[in-house]
There are 2 protein chains.
Amino acid sequence: MGDDMSYEELDQRKMRILKAIVDDYIQSMEPVGSRTIAKKYEVGLSSATIRNEMADLEEMGYLSQPYSSAGRVPSDKGYRIYVDRLIEIDESKFSEYNRLLNYYEQEINELGQIVKVLTKLISNITQYTSFSMKYKTKNSIVKACQVVPIEKGRAMVVVLLGNDLVRNKILNIDYSKELDTLVKLSNILDRKLAGCRAEGISVIIVNEIVRESGMDRHLILPIVDAIIDCLQQAEEVELYTEGASNLLMHPEFFDVNRAKTVLEVVHDTDTVVQLLKKSAETGGLMVRIGQENDFDEISDCSIVTATFRTNDVELGTIGVLGPTRMDYQKVISSLEYIRKKLNQEIPRRLEGS
Amino acid sequence: MGDDMSYEELDQRKMRILKAIVDDYIQSMEPVGSRTIAKKYEVGLSSATIRNEMADLEEMGYLSQPYSSAGRVPSDKGYRIYVDRLIEIDESKFSEYNRLLNYYEQEINELGQIVKVLTKLISNITQYTSFSMKYKTKNSIVKACQVVPIEKGRAMVVVLLGNDLVRNKILNIDYSKELDTLVKLSNILDRKLAGCRAEGISVIIVNEIVRESGMDRHLILPIVDAIIDCLQQAEEVELYTEGASNLLMHPEFFDVNRAKTVLEVVHDTDTVVQLLKKSAETGGLMVRIGQENDFDEISDCSIVTATFRTNDVELGTIGVLGPTRMDYQKVISSLEYIRKKLNQEIPRRLEGS
DNA sequence: GTTAGCACTCACCAACAATGAGTGCTAATC
DNA sequence: GATTAGCACTCATTGTTGGTGAGTGCTAAC
């Protein structure tokens, strides 16, 4: 989006005025006029001067006018520069957020739980809709695996993943003649595959397993496939939404059709996942304003997302969706809070039993 | 609700008029006047007569008037008698529903999947919000179970439930001295417990297991506990919601506050589960109209639910939520369709691999 | 018991004027 | 040359007012 140079066309004064306009509009949701800026904000200028600057800003595309002789409203481009250059993260509320969080958090041991609680928290703080998407486990390793007989002609492969999640898969397999070797095979598999990622299960390892177990290759292969399946199945995501109805409180959604269109997107799992996955591409905090979003249905909304990860592994994303006229300062700050919180919680949660 | 006798106060003619009024109001959502009834519906009566009857019906509590000199609107009591006595299930659309269903249904093997599809179907048919709640498995039996070693000091109990769902639980247990007996124990457990329900695991059976395995009682007990846990864990429900935003299309929710209040309930998992569970109490089809609902927030909504089950076991519930002025004919008929469909699908789905 | 007729109620709508916030432009001021 | 005061103009919003029509309840005639 846009070359950074284009910001340079705005001098200090225009910047200050733009910030005042966006601040005011975010707060009042009414087109803001020159007089308001002159009076409420400490720019030492008369309304006439501000009027001129506003005309300039409109010409440059940072503002627009709903109708002639109304006040000005920020455009997407206006919000963009506001987000990129005119706000900073406000940590002053963090201690309050901590208090709120303590109130929720009773006994939470699992990462998924804390993510849910944080999603709820941020939805309450911001009064917008929030989402969290968590990979069930990305890039998981085999911690242990076993093949278990179930009934005639069927066995179950059980894989214990790196984070103690268990996956299993049932196979039709004829082991009747070699029931005792199944136990032996389990041990071999367990020994050979422990610590492996899905991509780490090479043909060489499979060959070793075949040799050491003395079992037939065509019996081993479906089992190994099942194990790989279990690892990959873990790539699935878990989606959690909070405060969908919050959107209805904001004047931009008083129009039922608009509200319906947006709520349909909010309820559409696939779309939301797609939106959140987009965030991971950049990493860190990401803001998508109005038309920058890939879906027309929410071209009057903005999305702010934060991806959380361990050193190298992407674990998931938390995001907030609200009208383009959202309180970016608050949303970005609180999402930064969430991000910090997660970075500090993740190591703790992941180790625990 | 209410003694059946109370219906008797309504003669044939009042019934016909009431039905006409409710039908018309459901369709038009406008208070319906005597003239409308006289003209559009084939009661051979003048508007004046109908006016008198309407005054009676209002006095008896079946109708009410939004303001003096407006038409009449059905009250909860009016809807109740309408539902109980004046509509019948309309099977004529069933073949159309079948067509729609074929369109969705691609390759669905699991009961949970077909329930989801049916939930989506009914939400599309009715244009209201629909829910399904499925017990992960209620009253499940052990089909097979195994104890699997994982790593030093830890083992995993794996239980295959009656419907091929797998549950597992990790235990800290010291089996190091008796690793070979673990395999033996697995076999004994499997043999002894196959077919058992949670309540069916008696002390006698446990004693037998202890005796036959020759293992220590304090080693066996936590394992059995884990198996029972797995069975009971299966009592959890899975909730699925479809078409929440459909509600916004109906005039009664054009008011944002009303919409918000109702949507909050729709999004509140616990409340919805509670609502759906209520349905099972009666079994079959159940209609709760307006104030009959336990939650004030939806006292201007109605809920129609259908519970599906095998012979004796309750499997879950599908429900529809809409404004009190909902198209009961359509909702009840299509829900009946769903119920039939499930009754015919359930045996198939449950057996299949 | 049923219906025609009539006076009355009340939400809804269209037309109209008044209001006021905000603009753009021009001319005076620093 | 930049800033500001002043002024005419625009246009959404609000309030008023009177008319319209769907509907009622009641009474008297059938």
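Below, all heavy atoms of this structure are taken into account, side chains as well, without hydrogens, waters or symmetry copies.
- For the contact set between residues 16-41 of chain B and DNA chain C, defined by any heavy atom under 4.0 Å, there are no members.
- Residues A:Asn293 and A:Ile303 are in side-chain contact: their nearest non-hydrogen atoms beyond the backbone lie under 4.5 Å apart.
- Ion pair B:Glu336/B:Arg339 flagged as a salt bridge, since at least one NZ, NE, NH1 or NH2 atom sits closer than 4.0 Å to an Asp/Glu carboxylate oxygen.
- By the side chain to side chain contact (heavy atoms under 4.5 Å, CB included) test, B:Asp90 is found to be paired with B:Ser92, B:Lys93, B:Gln329, B:Ser333, residues two or more places apart in sequence or in another chain being considered.
- Remark: A:Arg51, A:Met54 in residues 48-61 of chain A come within less than 4.0 Å of DNA chain C through at least one heavy atom.
- Here salt bridge (charged side-chain N to carboxylate O under 4.0 Å, His left out) pairs that include residues 24-38 of chain A, with residues two or more places apart or in two chains, are A:Asp24-A:Lys40.
- In terms of the side chain to side chain contact (heavy atoms under 4.5 Å, CB included) criterion, residue partners of A:Glu252 (sequence neighbours excluded) are, by chain and number, A:Met29, A:His250, A:Pro323, A:Arg325.
- Per the geometry, NZ belonging to A:Lys14 stands 11 Å off P belonging to D:dA2, to the nearest Å.
- With sequence neighbours left out, B:Thr324 forms a side chain to side chain contact (heavy atoms under 4.5 Å, CB included) with B:Asp76, B:Tyr79, B:Ile289, B:Asp300, B:Ser302, B:Tyr328.
- Pairing each heavy atom of B:Met15 with each of B:Ile81, the nearest pair is CE-CD1, 3.8 Å.
- By the salt bridge (charged side-chain N to carboxylate O under 4.0 Å, His left out) test, A:Lys330 pairs with no residue at all, sequence neighbours left out.
- Applying the salt bridge (charged side-chain N to carboxylate O under 4.0 Å, His left out) test to every pair with at least one member in residues 43-61 of chain A, sequence neighbours left out, gives these pairs: A:Arg13-A:Glu53, A:Lys14-A:Glu53, A:Lys14-A:Asp56, A:Glu58-A:Arg72.
- The side chain to side chain contact (heavy atoms under 4.5 Å, CB included) check on A:Glu264 picks up A:Lys260, B:Ser245, with sequence neighbours excluded.
- Within a 6.0 Å radius of NZ in B:Lys19, more than 12 heavy atoms belonging to other residues, nucleotides or ligands are found.
- Listed by chain and number, the residues in a side chain to side chain donor-acceptor pair (under 3.5 Å) with B:Glu91 are B:Lys340 (sequence neighbours excluded).
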Check nucleotides 28-30 of chain C for protein N or O atoms closer than 3.5 Å to its own N or O atoms and list the pairs.
none

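- Residues from residues 63-72 of chain B with heavy atoms under 4.0 angstrom of DNA chain C, sorted by number: B:Tyr67, B:Ser68, B:Ser69.
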